[in-house]
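Order of the sequence lines fixes the chain letters, A, B, ..., with proteins taken first and strands second; residue numbering starts at 1 for each chain.
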Number of protein chains: 2
Amino acid sequence: MSNNPSPDRASDSDRSASSAAFSPLYQQIKSLLLQSLDRGEWKPGEAIPSELELAARFQVSQGTVRKAIDELAAENLLLRRQGKGTFVATHHEAKVRFRFLRLTPDDGKSSISSSKVLECRRVKAPADIAALLELRTGDTVVNMRRLLSFDQTPTILDDIWLPGAVFKGLTAESLARYRGPLYGLFESEFGVSMVRADEKIRAVSATPDQADTLQIASGSPLLQVERVSYTYGDRPMEVRRGLYVTERFFYKNSLN
Amino acid sequence: MSNNPSPDRASDSDRSASSAAFSPLYQQIKSLLLQSLDRGEWKPGEAIPSELELAARFQVSQGTVRKAIDELAAENLLLRRQGKGTFVATHHEAKVRFRFLRLTPDDGKSSISSSKVLECRRVKAPADIAALLELRTGDTVVNMRRLLSFDQTPTILDDIWLPGAVFKGLTAESLARYRGPLYGLFESEFGVSMVRADEKIRAVSATPDQADTLQIASGSPLLQVERVSYTYGDRPMEVRRGLYVTERFFYKNSLN
DNA sequence: CAGTGGTCTAGACCACGTG
DNA sequence: ACGTGGTCTAGACCACTGC
């Protein structure tokens with residue numbers, strides 16, 4: 001790229017053809033990288049090409065690639081490791097486990113967790129779920145319910161909804177066999193990377209049914225967490241309604 | 001600064017004398033900027049010197065100053081405005097109001113809020129509050145309780161604790177006269193800028209007293225939010241225990 | 001028009017991880 | 001020794017703001 005008083009803009013127009021029209025170069029590079037991630041050109045956990053390689057591929061300077069990667073790293077889509085390279089974020093990692101699970105034990109001790117799948121079936125989407133997943137009412141969705149326990153104490157009751165077209169072959173049996181975080185399974189088995197989520201939190205009273213499965217008194221206060229998770233391109237891929245027992249745990253949040 | 005094969009490092013050692021010893025230059029600049037902010041050299045809402053001025057002052061390149069400011073802007077301590085300058089963040093702004101108040105109405109309509117101070121007195125700090133504020137048990141603290149209503153509906157009951165040595169002259173009367181966000185008052189009247197906060201969230205049942213002031217049924221589920229707020233240098237400056245009625249509001253959070 | 005932050009480049013050197 | 005990302009610089013030009 002020349003940077004002279006009368007610059008040659010030919011290569012610029014080449015680039016903008018395949019990307020958002022008039023935005024900063026590094027933003028265009030960022031979109032291109034996002035497209036590659038979305039398309040699965042580099043899988044979660046793998047390294048992406050080096051900054052110099054990408055600079056050569058896109059015909060820009062290393063600094064411009066760097067700024068694009070900086071933003072993706074700030075959004076936790078990429079992970080930089082000095083001396084090694086830049087890697088696609090994955091949910092198969094101890095560090096990342098608590099990025100989406102904000103429930104924390106009072107005494108700080110990380111206790112052993114167990115997950116029991118109570119139900120998993122394919123059904124027609126209710127209107128509210130369909131809307132949140134940007135599907136049509138009646139489109140088929142996977143509905144699973146599970147109970148998470150810490151130190152043998154039932155703590156989280158989750159009701160999860162997934163688009164049926166994407167999560168083919170997800171059954172109670174395959175879930176029961178799997179060890180590890182659910183979002184890790186989604187990555188490996190269905191090619192769906194969860195990248196971001198919004199949560200709406202309320203306090204509610206346990207219904208008799210809920211109280212029964214959580215082994216608490218009916219009417220006890222519960223934290224209700226309604227989450228919508230998104231993949232690349234802000235496409236919603238999961239709706240999750242969780243009920244948390246906050247007797248010995250709390251939901252941790254940081255405001256900046 | 002020379003960048004030759006045999007560089008002259010004299011100016012480097014000059015700088016490191018007044019800052020953390022061996023860290024990247026831009027991190028040292030960042031600390032110096034933080035010190036100036038903490039010391040009140042530039043007040044909330046004011047512009048800080050231009051990048052070129054700061055570069056001249058610290059004897060570094062504009063790019064290095066820029067990277068320091070980038071991080072402070074990412075942490076919401078500074079606000080960049082193209083063509084105008086870089087400004088110190090302030091809580092006197094509509095945009096920032098909802099940075100620390102995460103309670104959102106179901107219907108999205110921003111309703112008028114009113115704040116009623118129920119109590120404000122200087123007392124000796126209980127052990128738990130003192131620990132959170134990094135004071136000694138029995139040091140004097142300001143304790144205030146207030147009720148926030150939206151559309152005439154009582155919604156938030158706050159119990160707030162502040163270090164007495166810093167918040168001299170804070171009385172129920174001065175609070176009653178003041179309009180606007182509490183953190184704005186803290187900035188203007190006491191020179192305390194809240195920069196970050198940690199929250200622990202639980203679901204609880206309303207006690208008879210709480211139910212009475214919030215005009216709900218005794219035993220109703222409430223969101224309990226325990227917040228510790230920090231100024232520059234991670235010094236705790238407020239402990240706040242809030243009870244939120246989440247009937248027509250929810251606590252909004254984003255996971256990245 | 002001048003001054004501010006925003007973008008882009010090119011090149012040097014440093015720090016880290018691996019072979 | 002080599003390749004990776006990390007830091008730092010210098011300089012050009014762009015985009016926005018306000019006089």
For the side chain of [X], starting at C-beta, report the closest nucleotide among [options].
{"X": "A:L25", "options": "C:dC8, C:dG5, D:dG5", "answer": "C:dC8"}
{"X": "A:T64", "options": "C:dT7, C:dT9, D:dT4", "answer": "C:dT9"}
{"X": "B:S61", "options": "D:dA10, C:dC8, D:dG6", "answer": "D:dA10"}
{"X": "B:V60", "options": "C:dC8, C:dT9, D:dT9", "answer": "D:dT9"}
{"X": "B:S50", "options": "D:dT4, C:dC16, C:dG5", "answer": "C:dG5"}
{"X": "A:K84", "options": "D:dT7, C:dT18, D:dG18", "answer": "C:dT18"}
{"X": "B:Y26", "options": "D:dC8, D:dT17, C:dC8", "answer": "D:dC8"}
{"X": "B:R66", "options": "D:dG6, C:dG5, C:dT4", "answer": "C:dG5"}

Any carboxylate oxygen within less than 4.0 angstrom of a Lys/Arg side-chain nitrogen, looking at [X] and [Y]?
{"X": "B:E71", "Y": "B:K30", "answer": "yes"}
{"X": "B:D106", "Y": "B:R248", "answer": "no"}
{"X": "B:K67", "Y": "A:D70", "answer": "no"}

Roughly, in whole Å, what's the span from [atom1] in [X] to [atom2] in [N]?
{"X": "A:E53", "N": "D:dG5", "atom1": "CD", "atom2": "C1'", "result": "13 Å"}
{"X": "A:E71", "N": "C:dC8", "atom1": "CD", "atom2": "P", "result": "11 Å"}
{"X": "B:F87", "N": "D:dC16", "atom1": "CZ", "atom2": "C1'", "result": "13 Å"}
{"X": "B:R80", "N": "D:dT17", "atom1": "CZ", "atom2": "P", "result": "15 Å"}
{"X": "A:Q28", "N": "C:dT7", "atom1": "CD", "atom2": "P", "result": "12 Å"}
{"X": "A:I69", "N": "D:dG6", "atom1": "CD1", "atom2": "P", "result": "9 Å"}
{"X": "A:Q82", "N": "C:dT18", "atom1": "CD", "atom2": "P", "result": "12 Å"}
{"X": "A:Q27", "N": "C:dC8", "atom1": "CD", "atom2": "C1'", "result": "14 Å"}

Legend entry - A:R81 side chain near D:dG5 phosphate (N/O to OP1/OP2, under 4.0 Å): no
Legend entry - Whether A:D198 side chain and A:V228 backbone form a donor-acceptor pair below 3.5 Å: no
Inset, instruction - Provide the closest heavy-atom pair for A:G184 versus A:Y178 in the form atom of the first, atom of the second, distance. - result: C-OH, 3.5 Å
Legend entry - Pairwise 5' ranking along DNA chain C for B:D70 and A:Q62, keeping only the more 5' one: B:D70
